[in-house]
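Only a predicted model underlies this, so the values are computations on that prediction, with no experimental measurement involved. Heavy-atom basis, side chains included; hydrogens, waters and symmetry copies ignored.
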Amino acid sequence: MKNQLLERIKALPGHTGMYFKNLATGETIEYCADESFGPASVIKLPVFMHIARLIDRGLIDPAETICCRHEDKLGGCGALRAFTDEPDVSIATLCELMMTISDNSATNLLIHRIGMDALNEAFAQMGLKTTKLNRVMFDSEAASRGIENAVSPMEMGTLLEQVYYKSFENEATSAYIEDILLKQQINHKIPGIIGAYVPIAHKTGEDDGITNDVAIVYAPQPFVLCFMANGTFVPDFEAFMRKASYDLFVSCGGSL
């Protein structure tokens, strides 16, 4: 299984990586797992986790509202851009929109509320060395200057493992994060084949030539699985993600 997966991912175009960890046995499969990747919307995972920690510590009120002005509304995924008015939206709602439908407008409102420097400091405190927030979503000017965010498959897997074991901040905070991740509505990648048969808590990311998905799969032997691809042919890599997720699910005691 391990050698076959590695051969398959190596044959795909672009900068590709994966991190798998069986949480029952400790077995891992890694390919470029500690390298830096353009995360697209996967960067929203550590952003959300830090906000969840701030909520638990009483440093931010989830009921606090932020006005989404017309100039804050972005393209891509999301619901806020559909509002004809300028709604006041709670931080709790912004977090759920950011994570479950990958709302870019909600994401930028939250980044501005917390602060980019504060978020990067928090990432370092989480033990993340590769993960960096260098620009907001849909900042074409920064992107044109080569300024991009960064994550690694292994670091995202480490965060998800903490969520699974309820060891991120505390049990209640981890359970809150897990509950939001289980509500993910973009489900054509890791859950593409197995999603109807097993709960999957995950966050996707996609952009031109980029497709990522990072997940906890609650198989009989639960596992963390993170796929990332930059500069790839997206349909082929997503087909690989679906088939590899199925093969790993079966190897961990799952059945359809």
Side-chain angles (χ1 to χ4, degrees), residues 36-124 126 128 131-151 156 176-177 180-181 183-188 202-214 228 230-231 234:
S36 175
F37 286 82
S41 290
V42 168
I43 194 66
K44 298 169 185 176
L45 175 62
V47 170
F48 172 53
M49 291 179 68
H50 177 58
I51 295 172
R53 172 174 275 171
L54 293 177
I55 290 171
D56 181 77
R57 294 180 180 181
L59 298 174
I60 194 167
D61 183 354
E64 175 191 331
T65 61
I66 301 173
C67 179
C68 181
R69 303 164 300 170
H70 292 308
E71 57 263 37
D72 296 320
K73 297 172 184 177
L74 301 173
C77 295
L80 290 177
R81 62 180 179 168
F83 281 77
T84 57
D85 59 353
E86 297 182 313
D88 292 323
V89 190
S90 73
I91 284 177
T93 299
L94 291 171
C95 284
E96 185 155 348
L97 289 172
M98 173 174 71
M99 297 306 293
T100 61
I101 61 171
S102 210
D103 194 301
N104 292 306
S105 307
T107 304
N108 282 2
L109 290 173
L110 290 167
I111 290 172
H112 292 313
R113 171 62 180 84
I114 306 303
M116 199 171 298
D117 290 343
L119 283 161
N120 282 319
E121 183 178 343
F123 296 167
M126 291 178 195
L128 306 177
T131 299
K132 295 288 187 301
L133 180 67
N134 296 315
R135 66 169 177 85
V136 294
M137 303 295 108
F138 273 67
D139 187 343
S140 56
E141 190 277 330
S144 70
R145 293 187 286 120
I147 299 173
E148 297 292 351
N149 301 320
V151 299
M156 295 303 98
Y176 166 56
I177 295 166
I180 294 295
L181 291 173
K183 295 177 180 178
Q184 174 61 242
Q185 295 183 36
I186 303 169
N187 292 312
H188 65 287
H202 71 118
K203 181 71 192 84
T204 64
E206 43 274 323
D207 204 341
D208 293 341
I210 295 176
T211 184
N212 306 323
D213 202 358
V214 300
M228 295 185 181
N230 293 176
V234 168

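- Separating the CG atom in Leu97 from the SG atom in Cys68 is a distance of 9.5 Å, to the nearest 0.5 Å.
- Thr204 is not listed as a side-chain neighbour of Asn187, based on a closest heavy-atom distance of 4.5 Å or more.
- A donor-acceptor distance shorter than 3.5 angstrom exists from the side chain of Glu86 to the backbone of His70, with no hydrogens or angles considered.
- Across Ala40 and Gly205, no two heavy atoms sit closer than the pair CB-C, 3.8 Å.
- Distance alone, capped at 3.5 Å, is enough to place a donor-acceptor pair between the Arg135 side chain and the Ile147 backbone.
- Applying the side-chain contact (heavy atoms from CB on, under 4.5 Å) test between Ser41 and each of Met99, Met98, Lys203 identifies Lys203 as the sole match.
- Counting only heavy atoms from C-beta outward, the side chains of Val151 and Thr131 approach each other to under 4.5 Å.
- For the atom pair Leu181 CG and Phe48 CZ, the distance stands at 6.5 Å (nearest 0.5 Å).
- Contact annotation: the side chain of Ile66 approaches that of Ile91 to within less than 4.5 Å [non-hydrogen atoms, C-beta and beyond].
- At a threshold of 4.5 Å between non-hydrogen side-chain atoms, the residues Val47 and Ile114 do not count as touching.
- The minimum heavy-atom distance linking Gln184 with Ile186 is given by the pair OE1-N, 2.9 Å.
- When atom types are taken as modelled, the side chain of Asn230 and the backbone of Ile210 share no donor-acceptor pair closer than 3.5 angstrom.
- With hydrogens and angles ignored, the 3.5 Å screen pairs no side-chain donor or acceptor of Asp72 with any backbone N or O of Ser105.
- Atoms CG and OH, on Asp56 and Tyr176 in that order, are 11.0 Å from each other to the nearest 0.5 Å.
- In plain terms, the two heavy atoms of Asn212 and Gly38 that are nearest each other are ND2-O, 3.2 Å.
- A distance of 8.5 Å separates CD of Glu206 from CG of Asp213, quoted to the nearest 0.5 Å.
- Among all heavy-atom pairs drawn from Ser36 and Ala150, the shortest one is OG-CB, 3.4 Å.
- Here the NE2 atom belonging to His50 is positioned 11.5 Å from the CD1 atom belonging to Ile177, to the nearest 0.5 angstrom.
- Leu74 contributes atom CG, which lies 9.5 Å from atom CE of Met137 (distance to the nearest 0.5 angstrom).
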Discussion item. Run Met228 and Val214 through side-chain contact (heavy atoms from CB on, under 4.5 Å) and show every step you take.
Written reply: CA-CA 8 Å; Met228 295 185 181; Val214 300; 3.9 Å; yes
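- The nearest pair of heavy atoms linking Ala79 to Asp103 is N-OD2, 2.6 Å.
- The local environment of CG in Asp117 is sparse, with at most 12 non-hydrogen atoms from other residues, nucleotides or ligands closer than 6.0 Å.
- Asn120 places no side-chain N or O within 3.5 Å of a backbone atom of Lys132 that could act as its donor or acceptor partner.
- Partner Asn104 forms a side-chain hydrogen bond (donor to acceptor under 3.5 Å, both in side chains) with one of Arg81, Lys73, Lys44 and no other, that one being Lys44.
- Residues Asp139 and Asn108 are not in side-chain contact: their nearest non-hydrogen atoms beyond the backbone lie 4.5 Å or more apart.
- At least one side-chain heavy atom of Ile60 sits under 4.5 Å from a side-chain heavy atom of Arg113.
- Here the shortest heavy-atom pairing between Pro46 and Leu128 reads CB-CD1, 4.3 Å.
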Discussion item. Run the side-chain contact (heavy atoms from CB on, under 4.5 Å) test on Leu94 and Leu80 for me, step by step, so that the C-alpha distance in whole Å, both residues' side-chain angles and the decisive distance to 0.1 Å come before the verdict.
Written reply: CA-CA 9 Å; Leu94 291 171; Leu80 290 177; 3.8 Å; yes
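- Using a 4.5 Å heavy-atom threshold, the side chains of Leu109 and Val89 count as separate.
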